Number of protein chains: 2
Amino acid sequence: MPRKSSPVNIDPRVKRTRRLLRDALVLLILKKDFASITIKEVTERAEVAYITFYRHYESLDQLLMEVLDEGLVELMTHIEALARQSDPSSLETEGRLIFEYIEQKADLFRILLKSQSVTRIRKKVVSNISTIFQKSCVPLERLGNQVTINMASNHIATSLLSLIEWWLENNMKPSPIEMGKVYKSLIIDSTVGAVSSLSAVAK
Amino acid sequence: MPRKSSPVNIDPRVKRTRRLLRDALVLLILKKDFASITIKEVTERAEVAYITFYRHYESLDQLLMEVLDEGLVELMTHIEALARQSDPSSLETEGRLIFEYIEQKADLFRILLKSQSVTRIRKKVVSNISTIFQKSCVPLERLGNQVTINMASNHIATSLLSLIEWWLENNMKPSPIEMGKVYKSLIIDSTVGAVSSLSAVAK
DNA sequence: ACATACTGTTACACAGTATAACAAAAGGAG
DNA sequence: CTCCTTTTGTTATACTGTGTAACAGTATGT
């Protein structure tokens, strides 16, 4: 296993090999089911020796994680930045920007959602998005108890993922502008409204 | 492959073997990840010969499908029956009954949700629930266009699944009575409200 | 140009899949 | 109960993919 972190300068051969492996995996996932992909296939497509795979990764899962983390970090900072400016009047715009971003990176998202086969990844994504909304969605903090808030942010995260999945399967048919309205209405406003009504009953 | 359908009388040996294999798989799934389960393990736990597996199933996936279909048919008829009597005033009761049912069959549901690893199964479940709500949820039929209705029923189905998943992971902590309120407020009322507001804008 | 680090080739042990042939046991019809 | 059919068990085998090892070859940077 070549060293990776200590010196900031990574051997260009290592960089190249890892890029080849990541790209090969991406191409394969877009063509077939992740579960049916073998290490041999990846190394052949990447045109590196079979054993070279093991010199960088322990399993295909780990390689997949790296691929997704690459894009996921980017997505998260993007969504987080959008959520930070949670001006209620601009929620529709926030939604539009999310779906425009997805439109750009459609390939990555198809892979990410296909890879829900690997349940851990879905949970990680849900957990990340959930935390973001829990921190930034101001109205939720005031209303309701902790359990309700956990439930609500989990609801927002999973609903958003499902909506994205549905949208990609429908070939991104309603435009991002329309989806922005849907996002505001179906995901955010709905949830905030439900939490407040649930909390009102609790009092 | 022993014949199964033509005569209503199934050989008792076949019945026994298939039951042993199903039970063995269920026990194993509750203990470890489905992806790491081998056919050899299943046959050993079931105390049948290795090759006997292939005399009844083509793959572990197929066996898993049979196990889930068994319980899924039951769940679907249950939810459908509840949704049929969609008296708006009894939505809370409908929700309570769903979560009470899940409480009873917790093991089956843990397996079902763990098996989302097999993406096909999640899609099947979502599609089934989605269709049920699309048919029975009267308010949605009047409001909005077909795309919106598809999206909304998909939203209801995935949200319900996610909520069930969250509830099981939280050791079924808020009582079914509380979850009934959540179901009405967060899943149904929210969605209906959102659809009507989206449709109003469209006009 | 030289030591270092990475990559490629070949070989091997191992586990799981999938099939085949034959023997043994259990079920059903007369 | 007996006989024929069907199912199950045993053993053997080919195949594929995993994961590791040793050694030779190639690229990197100082």
Side-chain angles (χ1 to χ4, degrees), chain A residues 1-29 31-67 115 117-118 120, chain B residues 1-29 31-67 115 117-118 120:
Chain A
M1 214 83 155
R3 67 194 187 297
K4 187 184 176 183
S5 48
S6 304
V8 191
N9 303 330
I10 303 159
D11 193 309
R13 290 168 292 182
V14 174
K15 223 173 154 185
R16 178 190 129 94
T17 300
R18 289 193 174 138
R19 182 177 48 75
L20 289 172
L21 287 171
R22 283 195 305 264
D23 292 351
L25 181 61
V26 168
L27 282 175
L28 287 171
I29 289 181
K31 282 188 185 166
K32 53 188 286 194
D33 191 41
F34 175 74
S36 71
I37 296 174
T38 67
I39 292 171
K40 198 186 165 194
E41 272 180 305
V42 175
T43 54
E44 277 175 359
R45 163 87 45 167
E47 291 182 310
V48 299
Y50 175 75
I51 198 183
T52 299
F53 177 89
Y54 289 99
R55 288 173 173 142
H56 298 276
Y57 306 98
E58 285 181 349
S59 63
L60 277 179
D61 274 27
Q62 196 185 322
L63 174 56
L64 179 62
M65 288 292 185
E66 192 174 295
V67 169
S115 315
S117 25
V118 189
R120 277 171 297 125
Chain B
M1 213 84 155
R3 67 190 187 294
K4 187 183 175 182
S5 49
S6 305
V8 191
N9 303 331
I10 304 160
D11 193 307
R13 291 169 293 182
V14 173
K15 222 174 157 186
R16 179 190 129 93
T17 299
R18 290 195 173 135
R19 182 178 47 77
L20 288 173
L21 288 171
R22 283 196 303 265
D23 292 352
L25 181 62
V26 168
L27 282 175
L28 287 171
I29 289 181
K31 283 188 186 168
K32 52 187 288 194
D33 191 42
F34 175 73
S36 71
I37 295 173
T38 67
I39 292 170
K40 198 185 165 194
E41 272 181 305
V42 175
T43 54
E44 278 174 359
R45 163 86 45 168
E47 291 182 308
V48 299
Y50 176 75
I51 198 183
T52 300
F53 177 89
Y54 289 99
R55 287 173 173 142
H56 298 275
Y57 305 98
E58 285 180 351
S59 63
L60 277 179
D61 273 29
Q62 196 185 320
L63 173 56
L64 179 62
M65 288 292 186
E66 193 174 294
V67 169
S115 315
S117 25
V118 188
R120 276 170 297 128

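Every chain is numbered from 1, with letters handed out A, B, ... down the list of sequences. Note that the coordinates shown come from a computational prediction; the quantities given were computed from them, not determined experimentally.
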Which letters describe nucleotides 10-21 of chain C, given B = protein heavy atom under 4.0 Å from base, S = only from sugar-phosphate, - = neither? ------SBBBB-
Do K32(B) and E41(B) sit within salt-bridge range, that is, some charged N less than 4.0 Å from a carboxylate O? yes
Value in whole Å for how far the P atom of dT4(C) lies from CD1 of I10(A): 22 Å
Just how far, in rounded Å, is C1' of dA25(C) from CD of E47(B)? 17 Å
Could you give the CG-to-C1' distance, from D11(B) to dA26(C), as a whole number of Å? 8 Å
Angle between ring planes, Y54(A) versus Y50(A), binned at 30° and 60°: parallel, tilted or perpendicular? perpendicular
Without decimals, in angstroms, what is the distance between L20(A) CG and dA27(D) C1'? 15 Å
Quick one: is H56(A) getting a side-chain N or O under 4.0 Å of the dC6(C) phosphate, OP1 or OP2? no
Would you mind reporting whether V14(A) and H56(A) have side-chain heavy atoms less than 4.5 Å apart? yes
Gap between atoms NZ and P, on K15(B) and dT8(D) respectively (whole Å): 14 Å
Taking the side chain as everything from C-beta on, heavy atoms only, tell me whether F34(A) gets closer than 4.5 Å to L28(A). no
Side-chain contact test, heavy atoms from C-beta onward, threshold under 4.5 Å: evaluate it for T52(A) versus T43(A) and give yes or no. no
Distance, rounded to the nearest Å, where F53(A) contributes CZ and dC6(C) contributes P: 17 Å
Whole-Å gap separating P (dC6(C)) and CG (L21(A)): 15 Å
OP1 or OP2 of dT7(C) sitting under 4.0 Å from any side-chain N/O of T17(A)? yes
I want to check something: taking the side chain as every heavy atom from C-beta on, are Y57(A) and I39(A) in contact at a cut-off of under 4.5 Å? no
